[in-house]
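So the structure is just underneath, and the comments pick up after that.
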Amino acid sequence: MIDFQSILNAIAKTAANADDRGLIAGYIPELATIDTYKFGIHLIDIEQRNFSAGDSDERFSIQSISKVLSLSMVLGLIGESLWERVNVEPSGDPFNHLSLLEMENGVPRNPLINPGAIVVADILVSLLDNPKEDFLAFVRKLANDRTINFDKKVAASEKVTGFRNYAAANLLKSYGNLVNDVDTVLDFYFHQCSLSMNCNQLANTFFMFINQGKCRKNNIFLTTGQVKRINALMLTCGFYDEAGEFAFEVGLPGKSGVGGGIVALLPNRFCVATWSPGLNDKGNSKLGMLALEKLTTETELSIF
Ligand code: DON
């Protein structure tokens, strides 16, 4: 059996000694204060054995990782009709770019770039009685953890500086691909991105993606087919214009966030979450990517 604990310990040690740690996301002022020396990692295997190292119990803002959770909720509610409003192709562009959206008449390339996630948010705002509360309840159920919450300060901070997201939402609205008003949809979107979790909670929340759509308590959230689709989207679109590099170096479906978190998984084997707040120039956690490359290289476990 693979000794995951020793590998995680070695990864955390390497990360603690790294000089080049990347840069914190400065465009959300509330995130700019986080210590770049933080590093955490947590792995849960299919038998629900848990392994962790470093600052794995410290909560951080999961940001774009939340896009996978909102997508999961929407797919569970409306199924395939989602694809009439969002495409499933990698964009090759940064997460907040708008040019393709204009060229492609307001249909976002995929649900993991900002415009795509804003369309998903719009659908949830239409479908849910109390959108923010209902989404939070969904995530808590998935995680089997009632302590998970939004970070209201982060949500408010992003609202003040979210100019590009306002631009994206207005562009979507001009093409008729946003039903609700821009402020309501973005208020939901900024809250979903502000979800605060530690590596342990994140890996446990994503357990269903290695377990055919069933959470740790064996409750069914998605069909096997829906899990296949979401994992495919994570592989091809989860790291924006660095999706190729992540597949090349790590070889797993995964999703990053500008809070410095990454979650990655090997279906039927394990799910792993890392946190290191410094980002590379594509907006993905610098040490998180290095850590996951080390994990899949040393264990020789990847989808390839
Ligand atoms: O909308 C934004 O810009 C942020 N709330 C989320 C961006 C993000 O996490 C990109 N991922 N690496």
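Heavy-atom basis, side chains included; hydrogens, waters and symmetry copies ignored. These figures come from a predicted structure and were not determined experimentally. Counting convention: from 1, in listed order, for ligands and their atoms alike.
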Q. Can you find a pair of side-chain heavy atoms, one from Asn218 and one from Asn211, that are under 4.5 Å apart?
A. yes
Q) Under the ring pair (Phe, Tyr, Trp, His ring centres under 6.0 Å) test, which residues partner Phe135, sequence neighbours left out? A) Phe188
Q | Verdict with supporting geometry, Phe209 and Phe206, ring pair (Phe, Tyr, Trp, His ring centres under 6.0 Å) | A | CA-CA 6 Å; Phe209 298 104; Phe206 273 65; 5.2 Å; yes
Q. Which pairs with one or both residues in residues 151-168 pass salt bridge (charged side-chain N to carboxylate O under 4.0 Å, His left out), sequence neighbours excluded?
A. none
Show me a pair-per-line table, with atom names and distances to 0.1 Å, of protein N or O atoms that are under 3.5 Å from an N or O of ligand 1.
residue, atom, partner, partner atom, Å
ligand 1, 1 (O), Asn114, ND2, 3.1
ligand 1, 1 (O), Glu158, OE2, 3.1
ligand 1, 1 (O), Asn165, ND2, 2.9
ligand 1, 1 (O), Tyr189, OH, 2.6
ligand 1, 3 (O), Tyr27, OH, 2.5
ligand 1, 3 (O), Asn114, ND2, 3.3
ligand 1, 5 (N), Gln63, OE1, 2.6
ligand 1, 5 (N), Glu158, OE1, 2.8
ligand 1, 5 (N), Glu158, OE2, 2.8
ligand 1, 9 (O), Ser64, N, 3.0
ligand 1, 9 (O), Ser64, OG, 2.6
ligand 1, 9 (O), Val258, N, 2.8
ligand 1, 11 (N), Ser64, OG, 3.3
ligand 1, 11 (N), Tyr240, OH, 3.2
ligand 1, 12 (N), Gly283, O, 3.2

Q. Considering residues at least two apart in sequence or located in another chain, which fulfil the side chain to side chain donor-acceptor pair (under 3.5 Å) criterion with Lys282?
A. none
Q. Are Arg21 and Tyr37 in a cation-pi setup, meaning NZ or CZ lies under 6.0 angstrom from the ring centre and within 45 degrees of the ring axis?
A. yes
